[in-house]
Structure formats: structure tokens, C-alpha cells
Amino acid sequence: MVGGTDDQGAPVPTERPLPDDSDAVLDLAALRAREYVAALDTDRVRPAGVGNGATSLGGPLPEVGEGAVKAVARLAETATAAAVRASGPRFFHFVTGGTTPAALGADWLASALDQNAAAWAGSPLGTELETVAVSWLADLFGLTDQWDGLLTTGATSANLTALAAARRWWGQQHGVDVDLDGLTGLSQVPVFASGHVHSSAVKALGVLGIGRSTVRRLGEDDSGGLDLAELRDRLAALDGAPAIVLATAGEVNTGAFDPVARMADLTERHNAWLHVDGAFGLFAAVSPRTAHLVDGVDRADSVISDGHKWLNVPYDCGFAFVRHPGLLGSVFTNTGPYLPGAADPHPNFGNLGPENSRRSRAFAVWATLAAYGRAGYRELVEHHVGLAARFARRVEREPDLELLAEAPLNIVCFRHRRPGRTERQLDELNTRLGEAVLADGRVYFGTTVHRGRVAFRPAIVNWRTTEADVDLIADVLLEIADRIE
Ligand SMILES: *Cc1c(COP(=O)(O)O)cnc(C)c1O
């Protein structure tokens with residue numbers, strides 16, 4: 001449709017190519033979202049028949065669209081029926097947090113206001129909100145030094161971002177600007193970790209050209225715990241040459257922690273960069289009851305964590321902190337005649353991480369911290385740690401269940417056992433049991449392999465989770481086990 005002229009002959013705007021039915025679409029989305037959220041406490045985690053829900057949305061690309069109201073209504077209908085209730089109270093798989101009411105509301109606003117949190121000039125609001133959010137997070141975790149920080153899409157991208165800073169530092173120690181000239185001609189980067197190291201940190205090293213296989217795992221035993229004496233010897237043998245040390249604060253199978261403070265003693269003495277992956281475990285810092293687990297984290301060179309896990313903000317959100325002001329900017333600054341340069345007095349978060357254009361994740365982070373404060377998050381962490389301890393005691397009491405590791409935080413690693421079965425038969429039985437639990441759908445948690453044994457590892461990270469929800473893990477498992485040979 002083409003615009004014409006008004007009665008005075010002035011041009012009127014060309015009509016928009018798409019109709020504006022925002023009001024109706026937003027009302028519809030809000031209504032369906034409200035219904036979904038209201039039923040989260042009672043719905044089955046995996047509704048019966050789920051698994052092929054999206055197929056009814058397939059078919060060829062429509063030549064002529066059905067319109068926004070119809071399309072969104074159809075999507076809402078199918079999606080709410082098909083969604084695994086990952087934001088509900090009985091989803092214990094992976095380490096999947098829910099969304100607090102404040103975070104969800106704020107995240108809707110982030111979409112409505114559609115701020116690009118890359119450059120101050122484009123969104124002073126997004127930039128200023130992220131500055132506040134990052135400083136509140138640093139405060140929450142006791143990172144009181146001068147840290148540069150930013151929000152990322154998750155812990156994987158936060159690992160990548162922080163380790164890119166570590167790589168730059170390592171090059172500088174050799175007198176080389178690796179971001180300018182690459183790693184060619186340099187020796188292999190020495191990287192040390194315990195057996196707890198997360199696959200995403202290893203993946204980041206691969207992406208950065210340091211290489212996945214460079215990581216030396218200095219495991220004390222098959223539980224993955226760090227051999228500190230070996231780390232000391234390996235660093236001493238480098239004779240002052242720089243290295244990167246990866247600490248894991250909260251291992252995914254058991255919630256185990258590397259001894260960060262004692263690692264910091266060594267990295268400070270031997271010219272090594274200490275990186276701490278605390279994707280969920282960093283939240284131990286929020287409670288005086290668990291803060292000892294992350295003792296020394298403020299002495300690291302870089303620290304990362306997730307927002308979409310224990311902070312309970314919607315996907316996707318993580319954060320990275322680097323205790324070398326300016327270093328992230330040196331790695332990630334993106335120049336162009338139309339972009340803010342190094343002299344810009346305002347922060348430009350697009351120059352601190354891999355992405356240029358960025359969603360304003362600070363909306364949700366700011367809102368949830370403003371809504372519940374330090375005390376709210378302390379209560380949340382202590383509630384979950386208490387639930388994990390309660391569940392671990394139940395496992396110890398049940399003759400048919402076996403606790404496979406200490407549960408220092410919010411993950412409980414255990415398995416089903418039966419007298420007279422070999423280890424292989426138990427692995428096979430627990431694998432089948434795990435599949436049956438997911439198909440049943442009343443509670444949801446996955447299997448892993450811990451010290452060579454197939455095990456369950458429910459993780460408690462959702463603000464909605466109660467004692468009754470956690471009790472159902474053992475109730476459902478034992479009930480299903482009774483039916484399985
Ligand atoms: C979950 C997790 C990650 C990866 O986080 P994503 O948010 O999925 O990218 C990294 N490290 C640890 C220890 C984790 O638990």
C-alpha cells in the first residue's frame with residue numbers, strides 16, 4: 001500500500017509493511033504466560049505425550065502469513081502443552097534455575113524496550129543498568145577489588161571471555177600481543193586444573209587456540225580432587241614462566257570445590273593466572289554457612305558464574321569478572337569510524353566481550369537483586385543447601401539407595417542399589433531407572449558417571465522448590481524401581 005498526499009498536498013507516511021496489532025498480541029501472550037506460570041507448582045514436569053509437540057508447527061514456509069494474533073496464539077497453545085516445566089519446582093536435571101517473578105517481569109520489559117546494551121550512545125539506559133547490575137553482583141560475591149565485569153549469555157561464554165583475558169596476559173608475559181599477532185611462534189600455554197574442570201572451560205581453551213588437550217588434570221584420586229602438591233611442583237618447575245590455573249567452585253556431578261585459597265597461594269607465588277569457574281558454586285559466597293567453600297575467590301584473576309542457574313533469571317544470562325582493569329577492553333575493543341573509541345568516557349559493554357549488539361540482560365539481574373536483596377539470596381541459598389542435606393540424609397537412611405559423594409552444597413550424587421548385583425548390572429539398572437524417571441515426568445533429574453559408576457545427580461536451584469518437591473525424588477525413584485527388574 002502506497003502513501004499519498006494530504007489535502008494540502010504534503011506527503012503522508014507510507015503505510016507500514018506490517019500491521020500493528022501489538023496490543024492484542026501482548027495481551028494474549030501475557031494471558032497465556034500467566035496461566036502457564038500459575039500451574040507450574042502442580043503441573044507434571046514432563047506432561048504426558050510430550051516430545052513431538054513442535055512438529056505441529058512444521059510444514060513449508062507460509063507464502064502468506066496468518067497474522068500475529070493467530071500465529072502467537074497457535075505458538076502459545078502448542079508450546080505451553082509441549083514445554084518441559086524447566087522453570088517449575090521439580091526440575092532437578094542439569095543445574096537449571098527458574099525465574100523469579102521480578103526477573104520474569106523485567107525480562108519482558110527488556111524485550112519491549114529492546115535496548116542494545118553495546119554502546120552508551122545507543123542505550124545509556126542499558127549501559128548504566130549493566131554497570132549497576134555488575135557492581136551489585138560483585139558485591140554479592142565479595143569481589144571488592146577493582147574488577148571489570150560484564151553480563152554474558154552463560155557460563156560457557158563467560159569462561160571464554162575471562163580466558164581470553166588470561167590468554168592476553170600470558171602473551172604479555174612473553175612480550176607478545178597475542179590479540180594482534182596470534183599465538184604462532186609461542187610455546188604451548190601451560191594450563192593446569194583438577195579433575196573437576198568443566199567441559200565448557202576446556203571448550204573455551206579450544207576456541208581460543210590454546211587447545212583442548214593442553215589442560216593437565218592434576219587429580220589426586222578418581223574423585224577428581226586436586227593434587228595440590230603436584231600443582232606446586234608443576235608451577236615451580238616453570239621457574240617463573242607464566243601459566244593458567246583453572247579452579248572449579250562447584251563441580252557438576254557432586255558440587256565439590258577446588259581449594260581456591262590454597263591455589264591462590266601457589267598462583268600468586270609462581271606467576272600464574274587463577275581462573276575460577278563458579279557457574280553455580282560461586283553462590284556459596286552468599287551465605288556465611290557456605291562461604292568457606294569459595295574462600296580465596298577474591299584473590300583470583302578471573303571469576304565467572306551463571307545468572308540462569310542460581311540467580312533464577314531467565315535464559316540466557318551469565319557473568320564474568322576480571323581483576324585486571326582494562327584487560328578485557330584490550331581483547332575485545334571493536335573499532336570503526338562509527339563506533340565509540342577508546343577515548344569515550346562512557347562504558348561500552350560491546351567492547352568488553354565477544355558480542356557487539358547485546359540484549360540488555362541487566363533488566364532481569366537488576367530487578368531480581370533490587371526485589372530480594374542480599375538477604376533474599378542468602379535465604380534462597382540456605383534453603384536449597386538445607387534441602388540437599390535433608391535429601392542426602394534420606395538417601396543414607398534408605399537401604400535401596402546409596403550416597404556416592406558428600407553433598408557440600410546443592411547437588412546430591414547417589415544411585416539405586418540391590419544386593420547381589422555386579423557393578424555392571426547396577427550401572428545398567430540405574431541407566432534404565434533414569435530413563436523411566438524422565439518418562440514418568442513427576443520429578444526430573446539425569447544420570448551421570450561418577451567415579452566410574454552410573455549415578456543420579458539432582459541439583460536444587462529453583463526458588464519454587466519445597467521439601468515436598470525434594471521428597472518426591474526418592475519416593476518416585478523407589479516406586480519406579482519396584483516395577484523394574
Ligand atoms: C553449567 C556450568 C557451566 C556452563 O554453563 P552454561 O550456562 O550452560 O554455559 C560451566 N561450568 C560449570 C561448573 C557449570 O556448572
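In listed order, ligands and their atoms are each counted from 1. Because the structure is a prediction, the values reported are computed rather than measured. Just so it is clear, the values below take in all heavy atoms, side chains as well, and ignore hydrogens, waters and symmetry mates.
- Not counting sequence neighbours, H196 has no partner by the ring-ring contact (aromatic ring centres under 6.0 Å, His included) test.
- Contact residues of ligand 1 (protein heavy atom closer than 4.0 angstrom to a ligand atom; sorted by chain and number): G154, A155, T156, H198, S200, G250, V252, D277, A279, F280, D306, H308, K309.
- In this structure a side-chain-to-backbone donor-acceptor pair under 3.5 Å is missing from D277 to I304.
- Annotation: side-chain hydrogen bond (donor to acceptor under 3.5 Å, both in side chains) contacts of Q146 (sequence neighbours excluded): none.
- Taking the six-membered ring where the residue is Trp, W366 and W136 present parallel rings, their angle staying beneath 30° rather than reaching 60°.
- Listed by chain and residue number, F456 satisfy the ring-ring contact (aromatic ring centres under 6.0 Å, His included) test with F445 (two or more places apart in sequence, or in another chain).
- Salt bridge status for E423 with R415: present, with a side-chain N to carboxylate O gap under 4.0 Å.
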